[in-house]
Amino acid sequence: MATPQELEARLWKALKSDRTLMLGVDGVEDGHSRPMTALVEGESGPIWFFTGLPNAVAEHARRDDARAIAAFSSKGHDLFASIHGTLSLSRDRDVIDRLWNPYIAAWFEGKNDPKLVLLRFDPERAEVWLNESSLLAGVKLLFGVDPKRDAQDKVATVDLR
C-alpha cells in the first residue's frame, strides 16, 4: 500500500531521471502543451526549463500569476502525474551556469544567447498514479482481487509546497 508521501518520493525520483514533462499554461494556445526537459533542483524543486524567445509560454510566464500544468509519464510507464503550479521567467546567471550542460548548449549560441531564458516552475500540488497494469494485475484479477479497491492505494493528491 503506497502512502501519499511514498508516491511523492517516487514522483521526484522519476522526474530527476526521466526529465520530460508536457508543459502547458492556462489560457495560452487553448491549453496546448509541449515537451520540455525538466531540471529539478533539490529534493522537491523548483523545476527549471531552458527555452528560447519568442515563445508563448515564456511570454505568459512574465505575468505575476502565471499558472501552469505539467503532465508526466515515467519511461517505464509505471508512474504518471499531473502537476499544478506557478511559472515565472528568469535570466538568473547563477542558475544558468549551474544547470548548463551539453544538451542545452546544442540549442543555443552559448550562455549569453539573447534568446535564452529560464522558466521556473514552482509545483504546488500533483495527482500521482502508479500503474500496475501488468501481468501481476492480471494474476490478482484471476484470484478475485477487486481492481477498484486495489487501485485506491495507487493514486494520491500530494501537496508539493
Side-chain angles (χ1 to χ4, degrees), residues 1-26 28-29 31-51 55 57-58 60-61 65-90 92 94-107 117-161:
M1 178 178 209
T3 67
Q5 295 78 16
E6 290 167 337
L7 289 173
E8 180 182 355
R10 287 184 69 166
L11 171 63
W12 287 114
K13 182 178 179 183
L15 276 171
K16 287 180 179 180
S17 67
D18 297 348
R19 293 192 174 183
T20 301
L21 291 171
M22 292 296 293
L23 182 66
V25 293
D26 187 31
V28 175
E29 299 174 334
H32 172 76
S33 61
R34 64 216 4 99
M36 301 285 290
T37 300
L39 298 162
V40 178
E41 284 201 302
E43 293 303 310
S44 58
I47 301 171
W48 295 95
F49 305 96
F50 284 79
T51 194
N55 178 299
V57 173
H60 179 75
D65 61 344
R67 302 293 304 160
I69 185 167
F72 175 72
S73 173
S74 66
K75 287 181 184 175
H77 296 207
D78 59 342
L79 185 107
F80 299 89
S82 179
I83 308 165
H84 299 258
T86 58
L87 196 65
S88 57
L89 193 67
S90 173
D92 187 316
D94 290 338
V95 176
I96 292 170
D97 289 341
R98 191 169 55 250
L99 299 178
W100 190 260
N101 65 58
Y103 301 106
I104 294 165
W107 291 92
V117 293
L118 291 166
L119 296 174
R120 177 185 171 134
F121 183 51
D122 289 295
E124 296 170 355
R125 72 182 189 288
E127 189 163 6
V128 183
W129 298 267
L130 281 181
N131 178 23
E132 293 186 340
S133 297
S134 63
L135 182 59
L136 176 61
V139 170
K140 286 180 178 181
L141 193 58
L142 284 174
F143 284 100
V145 174
D146 181 350
K148 293 182 295 301
R149 288 194 57 188
D150 192 43
Q152 289 174 347
D153 66 344
K154 294 174 183 66
V155 63
T157 299
V158 296
D159 186 348
L160 299 174
R161 290 179 275 189

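Note that the coordinates shown come from a computational prediction; the quantities given were computed from them, not determined experimentally.
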Handout entry: Distance in Å, L21 CG paired with S73 OG, rounded so as to fall on 0.5 Å steps
Key = 10.5 Å

Problem - Whether S74 side chain and L79 backbone form a donor-acceptor pair below 3.5 Å - result: yes

Practice task
Would you list the pairs meeting salt bridge (charged side-chain N to carboxylate O under 4.0 Å, His left out) in which at least one residue belongs to residues 31-51, sequence neighbours left out?
Solution key: K16-E43, E29-R34, E41-R98

Exercise for the section: Identify the two heavy atoms, one from P123 and one from W12, that lie closest to each other, and give their separation to 0.1 Å. Expected result: CG-CH2, 3.6 Å

Exercise for the section: Only counting residues at least two apart or in another chain, list the ones meeting side chain to side chain donor-acceptor pair (under 3.5 Å) with T86. Expected result: none

Handout entry: Side-chain heavy-atom pair I96, F50 within 4.5 angstrom cut-off
Key = yes

Problem - Shortest non-hydrogen contact from H77 toward N131 - result: O-ND2, 2.9 Å

Exercise for the section: Applying side-chain contact (heavy atoms from CB on, under 4.5 Å), run through R10 and L130 and close with a yes or a no. Expected result: CA-CA 9 Å; R10 287 184 69 166; L130 281 181; 3.4 Å; yes

Practice task
Taking all heavy atoms of L23 and all of A70, pick out the closest pair and write down the distance.
Solution key: CD1-CB, 4.3 Å

Handout entry: Closest non-hydrogen atom pair between A126 and L160, with its separation
Key = CB-CD1, 3.6 Å

Problem - Side chain to side chain, T37 and Y103, heavy atoms closer than 4.5 Å - result: no

Practice task
Report the distance from atom CG of L118 to atom CD1 of I104, rounding to the nearest 0.5 Å.
Solution key: 8.5 Å

Completion exercise
Output for pair (L15 CG, T20 OG1), nearest 0.5 Å, gives 10.0 Å

Practice task
Please name all residues satisfying side chain to side chain donor-acceptor pair (under 3.5 Å) with Q5, sequence neighbours left out, ordered by chain then number.
Solution key: T3

Exercise for the section: Could you pull out all residues at least two apart from I69 that satisfy side-chain contact (heavy atoms from CB on, under 4.5 Å)? Expected result: S82, H84

Fill in the blank from the handout: Taking every heavy atom of D92 against every heavy atom of D94, the minimum-distance pair comes out as OD1-N, 2.9 Å

Exercise for the section: Work out which heavy atom in R19 is nearest to a heavy atom in L39; give both atom names and the distance. Expected result: NH1-CD2, 3.4 Å

Handout entry: Test side chain to side chain donor-acceptor pair (under 3.5 Å) applied to E124 - qualifying residues, sequence neighbours left out
Key = R67

Exercise for the section: Starting from the C-alpha separation in whole Å, work towards a yes-or-no answer on side-chain contact (heavy atoms from CB on, under 4.5 Å) for I47 and F49. Expected result: CA-CA 7 Å; I47 301 171; F49 305 96; 3.7 Å; yes

Exercise for the section: Sequence neighbours left out, what passes side chain to side chain donor-acceptor pair (under 3.5 Å) with R125? Give chain and number order. Expected result: none

Practice task
Side-chain contact test, heavy atoms from C-beta onward, threshold under 4.5 Å: evaluate it for M36 versus V57 and give yes or no.
Solution key: no

